[in-house]
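The structure appears below as structure tokens.
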Amino acid sequence: MNEPPQIKNPSITLYPFHLRNDGDEGYQEQAQNADRIWQHLADNVGGKFEFPELKSLRDKLICYKDGKYYPAGEDANLSIQKLLKNGKGLNFTPLIQPNYPNLRGSINTRRINDTYAADLTFYYQDATILVADLKQLNPEGCLLSNQIQASLGQTLFLYAEPVVYDDYRSLADKCVRALVGDGIETELQITGTGKLFGSPIFEYDNLSKKCHVLIWLQQNPDTLKFITGNFNSYLTNLLCARSKTLFVYNQAKESYRLGQQIATKLDKLLPEFTQIESEPNREVKLTKLKSLLAQIRSLVFDYTKELRHLREFSNTIDINTENYEEAYAKIKELSVDGDNLQFLEKFRSLCDRKYQRQIQKDLNYLMANQDLFQQTISTIRGMVAIEQVELSREQAEREHQRDREQIQLYQQKEQEQKDRDLAQITQDKESEDKEKKRDRQLENIIFFVGTAIGGGQIFSAAYPLIKDTPIKWQPDFSLPLHPFTSTIIGSLVFGILFGLLILPILPLARKILPKIGPLVRKILSR
């Protein structure tokens, strides 16, 4: 009967990597959730293991002040990159467990350029446990990526000494299953095997879950003796470069996807340009062109932003490939005869052969579309400029036409006013002529009446002379004039002389006459 597999002195180390800075927030500005890694390590993991030192981790970090995140506290310590106030690692007080060996632990925290990193280790010393009991080193999956939520990813590193040296690969599979749980273990795939310091090492990965596990099983009893003080630093740098490369590659795929979505929207807008060109109303056409230009310009701006991100991601992968290669070279220098680090070299090859090349392909594809979209913007801008000039010219012509019409209307009104004034003058003149005619008629009447009265008076004055001396109707020039005749002639001569005397004062009488004329006419009308 096969006994359950056992291991001795197991040690599990968590390497989480979390972005401290975010370029979108500004140069050297911290990300909005930069301190999330310390919160989860202290609260989530610390709450599961009950190590007082881990629970109070934030109080021991230079990036915290009075219990609050204080990134400025790192400014004086960037050269050594250590975040613990003591400048060293932090060892935990051994935790006594009733049914298991005493659990020990330690943590080291670092800032690697723009990234927070830690190596949190839990281990049993001088103890043998069942492989199935490895779950005690990851209670309730608190060390898995969905619990830690490190933005760049993480690695779980298990080192153990097999009790029975048999099939290391089979033992590694069982260790993974016990460590991460049956549900997640089935999603992990072994991606590489090798040998480090004389002992076999196995790599498991699930990129979508950000779950990366290394199982290192002792075969050479001197394996731990080959580990120098710098090995853990080299390994942390290598795993950090790996996590950042994969993170950036996933970000690049997302940028490419967003770029493709924007390109699709732009392609759907282009037919509108042809429809607008046929618009007969120039003002409506210009409005539609401006609206289309605003939409395309906004989309092209977002499109260009994704292109910029892809270029940045390409540069970031170059930088982290160099960092990975440098750390890999340092680890390789420490290796011993018979070691096989091909699984580490494999990732280095993927950086150039897959990740970088794919980003370049995506970048070139999007750049080809960018030229088309930029040309479209230039064309529409040209159309807007032309239509604007033509519309301005038409508006100016319409304005001049309105001015001409206004002038013509004003001239017409002015002419009408002149015609009315002339008609009024003519009417006034006619009225004046009529008034003068009436005055002359009145004068004639007055003259006739006066003459009649005067003649009547002369006749009445001379009539008695006829009685006294009868008139002989046969003319006799030998006789003197009849008194009646001489009286009539004398009266006429007197009247003429009196008229000549009155003639100088006639203008004055004419001025007075219009005033008394109506009165006279009123009297005569009675």
Side-chain angles (χ1 to χ4, degrees), residues 14-45 57-58 61-64 68-75 77-84 107-120 143-156 205 207-212 233 235-258 305-306 308-324 326-327 347 351 355-356 359:
L14 169 68
Y15 294 95
F17 305 100
H18 190 78
L19 272 179
R20 190 265 191 194
N21 295 344
D22 186 351
D24 292 338
E25 298 293 331
Y27 179 71
Q28 295 294 328
E29 293 294 327
Q30 67 271 10
Q32 294 183 357
N33 60 351
D35 62 330
R36 184 175 64 189
I37 183 175
W38 311 125
Q39 295 177 9
H40 287 186
L41 290 178
D43 299 337
N44 297 351
V45 181
L57 174 64
R58 282 169 287 199
L61 296 173
I62 62 174
C63 54
Y64 276 85
K68 295 182 179 180
Y69 183 56
Y70 181 66
E74 304 169 25
D75 294 344
N77 200 37
L78 292 181
S79 58
I80 57 176
Q81 298 181 329
K82 294 183 179 180
L83 298 180
L84 285 169
I107 189 171
N108 222 319
T109 59
R110 296 171 57 191
R111 175 178 168 181
I112 306 175
N113 298 321
D114 62 350
T115 303
Y116 283 140
D119 60 273
L120 175 63
L143 299 182
L144 298 180
S145 57
N146 62 337
Q147 297 291 327
I148 300 300
Q149 296 185 19
S151 59
L152 297 178
Q154 66 174 51
T155 295
L156 278 175
D205 203 359
L207 295 178
S208 62
K209 299 290 185 179
K210 294 183 180 179
C211 188
H212 183 231
S233 177
L235 181 61
T236 302
N237 290 341
L238 181 139
L239 295 175
C240 179
R242 179 188 184 278
S243 291
K244 291 184 74 172
T245 298
L246 292 173
F247 172 79
V248 168
Y249 178 64
N250 288 328
Q251 292 292 101
K253 290 195 294 185
E254 178 64 15
S255 283
Y256 178 70
R257 186 185 67 82
L258 292 175
K305 183 170 66 175
E306 298 307 327
R308 177 174 60 84
H309 286 162
L310 281 174
R311 294 188 183 97
E312 292 175 352
F313 296 149
S314 178
N315 293 334
T316 302
I317 286 182
D318 279 341
I319 293 171
N320 283 282
T321 299
E322 293 177 1
N323 294 339
Y324 185 93
E326 181 180 352
F347 183 81
C351 292
Y355 305 136
Q356 189 63 271
I359 291 178

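These numbers come from the heavy atoms of this one structure, side chains and all, not from hydrogens, waters or symmetry mates. Quick caveat: nothing in here was measured; it's all calculated off a predicted structure.
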Subject >> Under 3.5 Å donor-acceptor, T245 side chain and A241 backbone >> reply: yes
**OP:** Measure the CD1-CG distance between I317 and L246 for me, rounded to the nearest 0.5 Å.
**Re:** 8.5 Å
**OP:** Could you check whether the rings of Y64 and Y69 sit parallel, tilted or perpendicular, using 30° and 60° as the cut-offs?
**Re:** perpendicular
Original post:
Taking the six-membered ring for Trp, are the ring centroids of F17 and Y116 within less than 6.0 Å of each other?
Top reply: no
Original post:
Is there side-chain contact between S243 and H212, with heavy atoms separated by less than 4.5 Å?
Top reply: no
Original post:
Shortest non-hydrogen contact from N113 to R111?
Top reply: O-NE, 2.8 Å
Original post:
Between E74 and I62, is there a donor-acceptor pair closer than 3.5 Å when you use the side chain of the first and the backbone of the second?
Top reply: no
Original post:
So do the side chains of C63 and W38 get within less than 4.5 Å of each other, counting heavy atoms only?
Top reply: yes
**OP:** Give the minimum heavy-atom separation between E306 and S255, together with the two atoms involved.
**Re:** OE1-OG, 3.0 Å
**OP:** Decide yes or no for Q149 and H18: does some side-chain heavy atom of the first lie under 4.5 Å from some side-chain heavy atom of the second?
**Re:** no
Original post:
Hey, are Q154 and S145 close enough side-chain-wise for a donor-acceptor pair under 3.5 Å?
Top reply: no
**OP:** Find out whether I148 and N44 are in side-chain contact, i.e. whether some heavy atom of one side chain is under 4.5 Å from a heavy atom of the other.
**Re:** no
Original post:
From T109 OG1 over to L84 CG, what is the distance, rounded to the nearest 0.5 angstrom?
Top reply: 3.5 Å
Subject >> Between CZ on residue F313 and CZ on residue R308, distance to nearest 0.5 Å >> reply: 9.0 Å
**OP:** Flag the pair Y355 / T321 as yes when at least one side-chain heavy-atom distance between them is below 4.5 Å, and no otherwise.
**Re:** no
**OP:** Supply the atom-to-atom distance L57 CG to L120 CG, rounded to the nearest 0.5 angstrom.
**Re:** 9.0 Å
**OP:** Determine the sole option in N21, I37, L152 for which the side chain to side chain contact (heavy atoms under 4.5 Å, CB included) test with T115 is passed.
**Re:** L152
Original post:
Atom CG in L238, atom CD in E326: separation rounded to 0.5 Å?
Top reply: 11.0 Å
Original post:
Do any N or O atoms from the side chain of K210 and from the backbone of F247 form a donor-acceptor pair under 3.5 angstrom?
Top reply: no
Original post:
Do T236 and I112 have side chains that get closer than 4.5 Å, going by heavy atoms?
Top reply: yes
Original post:
Is the shortest heavy-atom distance from the side chain of L235 to the side chain of D119 under 4.5 Å?
Top reply: no
Subject >> With K244, the side-chain hydrogen bond (donor to acceptor under 3.5 Å, both in side chains) member among N323, T316, D114 >> reply: D114
**OP:** Mark yes or no for whether T155, through its side chain, and Y15, through its backbone, hold a donor-acceptor pair below 3.5 Å.
**Re:** no
**OP:** Give, for atom OG of S233 and atom CZ of R110, the distance between the pair rounded to the nearest 0.5 Å.
**Re:** 4.0 Å
